[in-house]
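Chain A is the first sequence line, chain B the second, and so forth, proteins listed ahead of strands; every chain is numbered from 1.
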There are 2 protein chains.
Amino acid sequence: MSEYEHTCLIRGDGGQTLRAILDRICNKWTLLIVATLDRGTLRFSDLAQQIPGISQRMLTLTLRNLERDGLVSREVHAEVPPRVEYTLTPAGKSLIPPALALASWAIEHVPHIEASRAAYQAR
Amino acid sequence: MSEYEHTCLIRGDGGQTLRAILDRICNKWTLLIVATLDRGTLRFSDLAQQIPGISQRMLTLTLRNLERDGLVSREVHAEVPPRVEYTLTPAGKSLIPPALALASWAIEHVPHIEASRAAYQAR
DNA sequence: CCGTATCCGACGCGATACTG
DNA sequence: CAGTATCGCGTCGGATACGG
């Protein structure tokens, strides 16, 4: 692979594959949930309170999508009151490093981006 | 930093910083444009034809956002016909590695995800 | 050639109310 | 406790037409 051909991974199939994944990752809550579950197994209500601002609806929907994609496993305990526990699968855990890479980039570049926006504004 | 505390980068401020960046990255065309510009300076019409399916509108809008954030520089040549060239700034280039990390993850896990979806479907 | 303007449909997501 | 159902708003992005 020559110097300027690694981006073929991104350009790949016209970006379809990558964007399909990004769409799953890039919604409002997915990464927060995955990062929270990296601490270990949590039940629904624990997730709800550890992720400030999330609604029941979005927590449910996002968890269902993650389960559907095999990134999170869902275990229902037949008790009263009901207890449902969510755990990151190996695939889910493997998402953490690349997500961290992006997070690091984000935090590193926030000052530059905000400065650039301010400069752009002043025109 | 202990074993399970690196995700503080993601959970950080409640995900606000990371999501602000993800929102810029995760729209339909940004990464494709950045990856395409990694080859070098390109003019508007070249980008349009190297990125299949993009509309003039979205190419313009996405490039403006990237310029505003200081990831792409825009150079207008006062000629007839007009020539406008776009180049990745150093900050823009620095986005490529983490984006590739995510792309690699995506491609690696597509089979697993699709299998999981098929299994989930059959219930 | 390189845009901008306008309309319009689709979807993400929050608020709220209700169930097993 | 752990959801599901419904509504309504805001935003993204495609199609199309026009301008410097």
Measure the angle between the two terminal helix axes of the helix from C/dC1-D/dG20 to C/dG20-D/dC1, five base pairs each, and quote it to 10°.
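For the helix from C/dC1-D/dG20 to C/dG20-D/dC1, the axes at opposite ends meet at about 40°.
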Quick one: which of C/dC2, C/dG14, C/dG3 gets closest to the side chain of A/Ser55?
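The nucleotide sitting nearest to the side chain is C/dG14.
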Hey, could you give me each pair passing side chain to side chain donor-acceptor pair (under 3.5 Å) that has a residue in residues 44-63 of chain A? Not counting sequence neighbours.
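Checked against side chain to side chain donor-acceptor pair (under 3.5 Å) - neighbours excluded - no pair reaches residues 44-63 of chain A.
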Can you list every side chain to side chain donor-acceptor pair (under 3.5 Å) pair that touches residues 24-34 of chain B, not counting sequence neighbours?
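Output for this query lists B/Arg24-B/Asp69, B/Asn27-B/Thr30.
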Looking at every heavy atom in both [X] and [Y], which two are closest together, and how far apart are they?
X        : Y        : result
B/Ala99  : B/Leu31  : CB-CD2, 3.9 Å
B/Gly92  : B/Val34  : O-CG1, 4.1 Å
A/Leu18  : B/Ala103 : CD1-CA, 3.6 Å
B/Gly14  : A/Leu32  : O-CD1, 3.2 Å
B/Ala106 : A/Ile21  : CB-CG1, 3.3 Å
B/Ala35  : A/Ile10  : CB-CG2, 3.6 Å

Which is the 5'-most and which the 3'-most nucleotide of DNA chain D that has an atom under 4.0 Å from a heavy atom of chain B?
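Contact boundaries, 5' end first: D/dG13 to D/dG20.
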Tell me, which of [range] have any heavy atom that sits under 4.0 Å from an atom in DNA chain D?
range                     : result
residues 19-30 of chain B : B/Asn27, B/Lys28, B/Trp29
residues 44-53 of chain A : A/Phe44, A/Ser45
residues 57-68 of chain A : A/Arg57, A/Thr60, A/Arg64

C/dC2 C1' sits how many Å from B/Arg43 CZ, rounded?
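Going from CZ in B/Arg43 over to C1' in C/dC2 covers 9 Å.
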Would a distance-only check, ignoring hydrogens and angles, find a side-chain to backbone donor-acceptor pair under 3.5 Å from [X] to [Y]?
X        : Y       : answer
B/Ser94  : B/Ala91 : yes
A/Thr89  : A/Leu71 : yes
A/Ser116 : B/Arg68 : yes

Look at B/Tyr86 and C/dG3 and indicate whether a side-chain polar atom (N or O) is within less than 4.0 Å of OP1 or OP2.
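B/Tyr86 to C/dG3 OP1/OP2: side-chain N or O found under 4.0 Å.
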Hey, is the side chain of B/Arg83 poking within less than 4.0 Å of OP1 or OP2 on C/dC2, counting only N and O atoms?
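Negative; the distance criterion is not met.
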Pairs in or reaching into residues 84-120 of chain A: which pass ring-ring contact (aromatic ring centres under 6.0 Å, His included), with residues at least two apart or in two chains?
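Residue pairs with at least one partner in residues 84-120 of chain A: A/Trp105-A/His109.
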Is any side-chain heavy atom of [X] less than 4.5 Å from a side-chain heavy atom of [Y]?
X       : Y       : answer
A/Val84 : A/Arg43 : no
B/Arg11 : A/Arg39 : yes
B/Pro82 : B/Val76 : no
B/Leu37 : B/Val72 : yes
B/Leu22 : A/Leu22 : no
B/Ile54 : B/Leu47 : no

Only pairs at least two apart or in different chains count here, so list each salt bridge (charged side-chain N to carboxylate O under 4.0 Å, His left out) that has a residue in residues 77-91 of chain B.
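Residue pairs passing salt bridge (charged side-chain N to carboxylate O under 4.0 Å, His left out), neighbours aside: B/Glu79-B/Arg83, B/Arg83-B/Glu85.
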Quick one: which protein N/O atoms are closer than 3.5 Å to N/O atoms of nucleotides 18-20 of chain C? Pair and distance per line, please.
none

Nucleotide N/O of nucleotides 9-11 of chain C paired with protein N/O under 3.5 Å:
none

Could you pull out all residues at least two apart from B/Arg19 that satisfy salt bridge (charged side-chain N to carboxylate O under 4.0 Å, His left out)?
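Expected list: B/Asp23.
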